[in-house]
Amino acid sequence: MTISIDRLTKRFGSFAALDGISLELAAGQLTALLGPSGSGKTTLLRCIAGLEQADSGSILFSGQDATGTAPADRGVGFVFQHYALFRHMSVFENIAFGLRVRPKTTRPSDAEIKVRVHKLLDLIQLDWCANRLPHQLSGGQRQRVALARALAVEPQVLLLDEPFGALDAQVRQELRRWLRRLHDEVHLTSVFVTHDQEEALEVADQVVVFNKGKIEQIGTPEQVYHHPATPFVHRFLGHVNVLPGGTFVRPHDIRLSAKADIDHPTAATVVGIHAAGPAVRVDLKIGGNGPLVEAVVSHQDREALDLKNGTEIRVGYAKIAHWES
Amino acid sequence: MAGAPPSVTPPPRAKGAPRSAAHLTEPAWVRWLLIGISLAFVGLFLVLPIVAVFTEAFRKGLGAYFASFHDRAAYHAIVLTLTTTAICVVLNGVFGIAAAWAITKFRFVGKSILITLIDLPFAVSPVISGLVFVLLFGLQGVFGGWFQDHDIRIIFALPGIVLATLFVTFPFVARELIPVMQAQGTEEEEAARVLGAGGFTIFWRVTLPAIKWGLLYGLILCSARAMGEFGAVSVVSGHIRNQTNTLPLHIEILYNEYQFVASFACASLLSLLAVITLIIKRFIEWRMHHDETASPSEPTP
């Protein structure tokens with residue numbers, strides 16, 4: 001299902017959470033709404049779900065105006081940041097809830113509900129905890145149950161609010177890859193909110209960068225990372241060194257050399273080295289009293305250049321961007 | 001021992017060992033003094049009176065004790081008290097849920113005023129609470145004439161007693177539910193809404209099961225207070241024997257008529273109800289605690 005959002009505005013008191021947002025979400029795509037907290041991304045997600053009413057503007061589902069439609073009639077599944085599982089119901093009953101509350105005429109039979117719930121439990125690989133209560137599960141397991149519950153009503157749109165925000169790093173990474181595979185299998189239009197740029201860049205087909213209730217840029221992960229449209233996007237996606245005069249340079253675009261040449265014109269001093277990890281982060285002081293910048297080099301380069309605190313070195317920038325400030 | 005790494009089990013507190021875990025507790029004499037004062041106070045002001053009530057009640061033997069309840073006035077007082085309590089528990093359950101729901105799930109103007117007003121009955125003397133209803137519904141009262149014309153008795157009748165008791169016991173359920181519902185937030189209800197549940201289904205299947213122990217706890221406190229309420233009821237009841245005497249009022253009348261055994265027998269019944277309520281309350285507290293501390297045990301995925 002294609003979702004078109006047209007000049008959507010939502011205020012909380014004097015605070016504009018959404019300030020005239022227009023956005024197209026193509027059918028079958030996985031879109032990430034990325035931005036710092038308070039930038040309006042969650043409000044947009046809640047407006048799409050119908051949990052929040054916009055002050056003005058419209059939302060179209062496959063061309064049909066859905067602005068005033070109740071959440072239940074939108075065909076959306078919503079996964080909450082803190083799972084929002086029904087705490088007194090077993091995992092099975094949580095997933096079955098959406099089917100059980102249907103009016104008698106469209107409600108599946110108990111046998112059918114059982115089949116469908118077990119199919120979903122298989123999908124999330126938690127068939128063995130059908131009778132457990134949510135508090136007996138780990139965070140990652142709870143999140144998968146929340147996902148199965150949302151999928152049980154066979155939505156056409158899946159909305160996820162910071163789905164991995166409350167999980168630890170490793171589970172987070174596993175789960176987001178799993179989500180990507182799941183999305184490809186079930187063919188939904190999916191939208192997830194995150195403030196983690198790495199998550200957005202890794203999982204999404206399309207990234208929408210939010211700031212202060214407005215959209216800064218819409219594009220593929222590659223586009224927004226390599227061709228940021230605004231200084232905000234440039235700063236928000238990945239590390240960037242901001243040099244005087246509005247020059248932005250990413251740490252991995254800083255080249256180091258032992259001797260001065262046309263590619264390495266600037267003198268710098270090493271003031272810090274962080275070698276734990278796949279690459280080495282080097283803190284540099286440009287010139288005698290210039291700005292501090294961060295460079296990333298390989299372990300081999302570090303050894304070849306014999307970098308340590310106080311090493312005098314030459315630097316050059318492989319790629320820079322200028323932003324009028 | 002200062003600067004020692006924190007250990008999982010506290011070190012054994014050997015006698016005379018220099019300051020072992022002494023920073024965690026007071027010297028022995030302070031502890032025993034405090035415990036002694038607390039126990040003496042409880043004994044003097046709680047245990048002794050209850051013992052006195054029961055000794056007085058049984059002074060003339062079991063026969064006289066049970067004879068006290070074979071009296072028509074006593075029987076009527078018990079029925080009236082239980083009726084009033086039942087009505088108040090039901091109505092305050094509904095009001096309490098509605099108020100707590102409104103306060104915790106909606107954003108609206110005047111919310112803080114509502115929260116303050118809920119506590120009003122705690123702050124106002126019960127006698128004044130009763131007086132308010134006399135001023136409103138008494139013969140000379142604001143609405144008194146209208147009710148008189150329609151032959152409806154409020155004051156010196158059951159409705160007045162119920163109103164006064166309702167007023168006094170209103171805060172219990174709401175007070176108990178607001179923090180519970182605040183802690184739970186609205187996400188579960190929102191999840192149910194997106195899944196297609198209607199308002200009533202959400203309340204019945206999502207909200208109510210989550211607040212049931214808090215609700216029961218509030219209802220228990222409410223019923224305990226409703227059974228024992230004296231001041232407010234005394235003002236509106238009119239003390240008409242066999243008609244508007246609740247158990248506490250009946251006890252007072254018996255006492256003033258020097259019928260000590262009967263008076264204390266009724267008092268012992270009221271005390272017994274209080275003890276039963278306490279036991280139920282304790283059980284509910286245990287269940288609430290149990291539900292809360294059934295914490296995630298983080299098994300491996």
Side-chain angles (χ1 to χ4, degrees), chain A residues 12-13 46 49-52 70-89 93-103 106-107 125-126 129 132-144 146 149-150 152-153 155 159 161 167-168 170-171 174-175, chain B residues 97 100-101 104-112 176-177 179-217 284 286-301:
Chain A
F12 294 105
R46 291 172 61 84
L51 289 170
E52 211 79 67
D73 303 325
R74 294 190 180 206
V76 300
F78 200 103
V79 177
F80 291 83
Q81 184 179 4
H82 301 290
Y83 328 126
L85 294 175
F86 307 126
R87 65 195 78 192
H88 57 280
M89 286 183 209
E93 285 305 322
N94 261 284
I95 299 174
F97 186 87
L99 300 171
R100 289 210 198 283
V101 298
R102 284 194 183 165
T106 56
R107 192 188 307 157
Q125 297 145 23
L126 287 176
C129 29
R132 299 219 176 175
L133 287 172
H135 70 74
Q136 294 168 311
L137 305 179
S138 72
Q141 290 168 334
R142 276 185 244 182
Q143 190 57 286
R144 283 186 277 162
R149 182 179 68 178
V153 291
L159 306 170
D161 184 10
L167 302 170
D168 56 59
Q170 203 182 341
V171 182
E174 267 168 40
L175 215 56
Chain B
I97 291 171
W101 184 285
T104 55
K105 313 261 171 184
F106 305 140
R107 295 170 277 202
F108 59 93
V109 185
K111 190 159 154 175
S112 56
E176 212 41 62
L177 285 184
V180 174
M181 288 167 92
Q182 235 154 18
Q184 287 174 354
T186 53
E187 276 201 341
E188 282 180 48
E189 278 86 2
E190 284 182 339
R193 195 143 71 94
V194 178
L195 288 168
F200 181 75
T201 312
I202 293 175
F203 175 73
W204 194 249
R205 301 197 46 181
V206 177
T207 310
L208 197 59
I211 62 168
K212 65 178 176 216
W213 293 113
L215 177 63
L216 266 178
Y217 188 83
I284 293 171
W286 174 75
R287 275 310 308 245
M288 281 168 91
H289 185 72
H290 184 75
D291 277 11
E292 269 165 28
T293 53
S295 57
S297 45
E298 300 293 334
T300 44

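Letters go in sequence order (proteins before strands), and every chain restarts at 1.
Contact of A:V153 with chain B is made through the side chain alone, with heavy-atom distances under 4.5 Å. With a 4.5 angstrom heavy-atom cutoff, A:R149 touches chain B via backbone and side-chain atoms both. For B:E189, no part sits under 4.5 Å from any heavy atom of chain A, backbone or side chain. Heavy-atom distances place the side chain of B:R107, and not its backbone, under 4.5 Å from chain A. Of the atoms belonging to A:L85, it is backbone heavy atoms, and not side-chain ones, that fall under 4.5 Å from chain B.
Minimum interatomic distance between A:H88 and B:A210 (heavy atoms only, all atoms of both residues): ND1-N, 4.3 Å. Shortest non-hydrogen contact noted between B:A191 and A:A84 is CB-O, 4.0 Å. Between B:G196 and A:V101, the shortest heavy-atom contact is C-CG2, 4.0 Å.
The distance from the CZ atom of B:R205 to the CZ atom of A:R100 is 7.0 Å, given to the nearest 0.5 Å. For the atom pair B:E190 CD and A:D161 CG, the distance stands at 10.0 Å (nearest 0.5 Å). For the atom pair CD1 of B:I202 and CZ of A:F86, the computed distance is 8.0 Å after rounding to the nearest 0.5 Å.
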